[in-house]
Amino acid sequence: VPCVSGDLSKPTNVTFISINMKNILQWNPPEGLQGVEVSYTVQYFIYGQKKWLNKSECRNISRTYCDLSAETSDYEHQYYAKVKAMWGTNCSKWAETGRFYPFLETQIGPPEVALTTDEKSISIVLTAPKKWKKSPEESSISMQQIYSNLKYNVSIYNTRSNRTWSQCVTNHTLVFSWLEPATLYCVLVESFVPGPPRLTQPSERQCVSTLEDQTTALEVK
Amino acid sequence: QEFQFGPCRVEGVVLQKLWQAFWAVKDIVQAQDNITSVQLLRKEVLQNVPETESCHLIHALLRFYVNTVFKSYRDKAVEFGILKSFSILANNFFVIVSKLQASQEKMFSTRKTARRRFLLFHRAFKQLDREAAVTKAFGEMDILLSWMEKFYQL
């Protein structure tokens, strides 16, 4: 049923939230219509092409987000998306995003962090985050394959002295030496890529204790 | 920190500053480009460029940006209050072009294929209204910087 366009105010804050190329379009309900049974329809556009395209799973939906990861999976293209609100026979004008460039705008998620300890050192092994994929059967692509200049900002915090060191690394293994024995250290790692400013997501803080100093342990016996 | 476009080396340009300058104005600039069905820096222009051609191509593109795009866009940059970012980009592009000038003149063998790529861009530019084309070219600098990043070594 065609609706009367423009009688409803537009959805607001229409934007892509993108992490590891999982690209979700999200928006806020039109002003003054929070809590009202509003439905939404989404379209997207590939910059340089001719037509707006429908996303069938996001037609007449009541939620305020739409997963466009598959439609925007060629990350070297740029895209636009738009959404309109409908309520009864009234509908809003389209509310549009700016130009979205996944290659430059996706947030690089944190790496996997594996820690092993010694008396005075902690070894850290990092595994680059995985790119979003359409289905579990699809082979995994590491974000490292997309961003050859992917780097990591590793921070280690001594819970006894309250001191923190940070180191920027490109390789996936590093060792923090000259640590204090039998001390709890906490590690935080962030991925980043040179280029335009991006939001970052640090890893969860992981804490491990260095081992007892064996020499003093023997003397005690 | 330097660019290495095949045999051509360019030192003294901090790419991160160009990114920050463009990113600060990206939304303003791209919002002025209403011809979303046309992309000037298409994949055919910048994808799979052999290293040997990269010097010619980047020289041709940046010289065009300096002599045409920035020259024509300056008044708009003043109008939209983005002169600071505009100047950072324009000055750095001018530095790169000047530094590329000498080295790319010595290479004749790869000029033709690089030229063909540039002409794809230039033809698309010419087909648009002048002001719209300049606005679009300025708005596509993220595509250009993204390609240049591949030749940048910290």
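The chains referred to below are lettered A, B, ... by the order of the sequence lines, with proteins before strands, and numbering in each begins at 1.
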Novice: What part of Y47(A) gets closer than 4.5 Å to chain B, counting heavy atoms only: side chain, backbone, both or neither?
Specialist: both
Novice: Using distance alone, with no hydrogens and no angle criterion, decide if E149(B) and W19(B) have a side-chain donor and acceptor under 3.5 Å apart.
Specialist: yes
Novice: Strictly by modelled atom types, are E105(A) and S18(A) linked by a side-chain donor-acceptor pair under 3.5 Å?
Specialist: no
Novice: What part of Q78(A) gets closer than 4.5 Å to chain B, counting heavy atoms only: side chain, backbone, both or neither?
Specialist: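 For Q78(A), the contact with chain B is made by the side chain alone.
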Novice: Between Y75(A) and N23(A), is there a side-chain donor-acceptor contact under 3.5 Å, judged purely by atom types and distance?
Specialist: no
Novice: Where does Q30(B) contact chain A at under 4.5 Å (heavy atoms): side chain, backbone, both or neither?
Specialist: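 Backbone plus side chain of Q30(B), per the 4.5 Å heavy-atom cut-off to chain A.
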Novice: Pick from L15(B), D33(B), D27(B): which one has the most heavy-atom pairs with chain A under 4.5 Å?
Specialist: D33(B)
Novice: For a quick check under 3.5 Å, do Y80(A) and R99(A) share a side-chain donor-acceptor pair by atom type?
Specialist: yes
Novice: Mind ranking K43(B), Q20(B), R42(B), Q47(B) by heavy-atom pairs under 4.5 Å with chain A and telling me who comes out on top?
Specialist: K43(B)
Novice: Counting only non-hydrogen atoms closer than 4.5 Å, does L18(B) touch chain A with its backbone (N, CA, C, O), its side chain (CB onward), both, or neither?
Specialist: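 The answer is neither part of L18(B).
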Novice: Which bit of D142(B) comes within less than 4.5 Å of chain A, counting heavy atoms only: side chain, backbone, both or neither?
Specialist: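 Its backbone and side chain both get close to chain A.
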Novice: Ring-plane angle category for F86(B) and F138(B), please: parallel below 30°, perpendicular beyond 60°, tilted otherwise.
Specialist: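 It falls in the parallel class, under 30°.
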Novice: Could you verify whether a donor N or O on one side chain and an acceptor N or O on the other, from H172(A) and Q144(A), lie under 3.5 Å apart?
Specialist: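 Per modelled atom types, H172(A) and Q144(A) side chains form a pair under 3.5 Å.
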